[in-house]
Amino acid sequence: MGKISHKRHIAKTITWRLVGTFDTVVLSWIITGNPSTGLKIGFSEVLTKMVLYYLHERVWVRIKIPESKKRHLYKTFSWRFIGTLDTIIISWIISGEPLIGLKIGSFEIITKMVLYYCHERAWYRINFGLDKIVRSKTWKRI
């Protein structure tokens with residue numbers, strides 16, 4: 001089996017964080033009715049989510065489930081659990097209201113799972129950070 005570079009996981013982390021932050025800002029704004037609170041919540045979780053996502057990617061490299069749509073679904077659920085918990089805690093701290101954190105986290109479960117699955121499928125088709133062995137296996141499956 002070939003290698004998957006740390007650069008690939010860093011690039012996936014950054015692209016996912018852009019998508020995820022935008023979603024959090026919009027949901028937080030809608031739920032709180034305050035654009036400033038939405039921005040505070042969205043941008044507060046950038047660092048925590050990037051660290052958590054990178055670690056999540058590194059753990060999943062070691063999990064022996066073959067690349068497939070099923071694997072992407074498992075990763076989607078595991079990441080969403082971690083990400084939602086982080087969002088609930090940060091939203092609660094910033095808003096001062098636990099119910100706001102739970103509302104934002106609840107809506108995020110749906111929006112983020114759809115977005116994450118699409119992000120995973122897109123990265124499955126991108127060869128950045130894959131060595132030649134992994135790239136050739138990826139292209140044979142597509």
Report task. May I ask you to test the L99-W92 pair for a side-chain heavy-atom distance under 4.5 Å? Result -> no

Worksheet item: Between S5 and G129, is there a donor-acceptor pair closer than 3.5 Å when you use the side chain of the first and the backbone of the second?
Response: yes

Only residue of R17, H9, K12 satisfying side chain to side chain contact (heavy atoms under 4.5 Å, CB included) with Y53 is K12

Notebook entry, point to check: Using a distance-only test with no angle check, is there a side-chain donor-acceptor pair under 3.5 angstrom linking W29 and S36?
Noted result: no

So do H56 and I82 actually touch side chain to side chain, heavy atoms under 4.5 Å?
yes

| query | Any side-chain heavy-atom pair from Y116 and R80 closer than 4.5 angstrom? | reply | no

Are the side chains of L55 and V59 in touch, meaning some heavy atoms are under 4.5 Å apart? no

| task | Examine F77 and V19 and state if one hydrophobic cluster contains both, with Ile, Leu, Val, Met, Phe, Trp and Tyr joined whenever side-chain heavy atoms are less than 4.5 Å apart. | result | no

* Asked: Is there side-chain contact between K69 and Y117, with heavy atoms separated by less than 4.5 Å?
  -> yes

Excluding F22, membership of its hydrophobic cluster (Ile, Leu, Val, Met, Phe, Trp, Tyr; side-chain heavy atoms within less than 4.5 Å) reads V26, I30

Do V114 and L18 land in one hydrophobic cluster if side-chain heavy atoms of ILVMFWY residues count as linked below 4.5 Å? no

Would you call R71-E120 a salt bridge at under 4.0 Å N-O? no

With a cut-off of 6.0 Å (strictly less than), are more than 12 heavy atoms of other residues, nucleotides or ligands near NZ of K40? no

So salt bridge (Lys or Arg N to Asp or Glu O under 4.0 Å) across residues 23-33, not counting sequence neighbours, yields D23-K112

- Message: For V25, is there any backbone N or O sitting under 3.5 Å from a side-chain donor or acceptor partner on S28?
- Response: no

Do I126 and W16 land in one hydrophobic cluster if side-chain heavy atoms of ILVMFWY residues count as linked below 4.5 Å? no

field: Close side-chain approach of W79 to W60, heavy-atom, < 4.5 Å
entry: no

| said: With salt bridge (Lys or Arg N to Asp or Glu O under 4.0 Å) as the criterion, how do R8 and E57 come out once you've worked through the C-alpha distance, each side chain's angles and the decisive distance to 0.1 Å? | reply: CA-CA 10 Å; R8 179 178 178 86; E57 282 295 305; over 6 Å; no

### Query
Quick one: do I63 and V61 end up in the same hydrophobic cluster if we chain Ile, Leu, Val, Met, Phe, Trp and Tyr together by side-chain heavy atoms under 4.5 Å apart?
no

For residues T87 and E108, is any side-chain donor paired with an opposing acceptor at under 3.5 Å?
yes

* Any side-chain donor paired with an acceptor under 3.5 Å for E45 and T24? -> yes

Apart from I94 itself, its cluster of hydrophobic side chains linked below 4.5 Å comprises L27, I31, I41, I90, I100, I104, F107

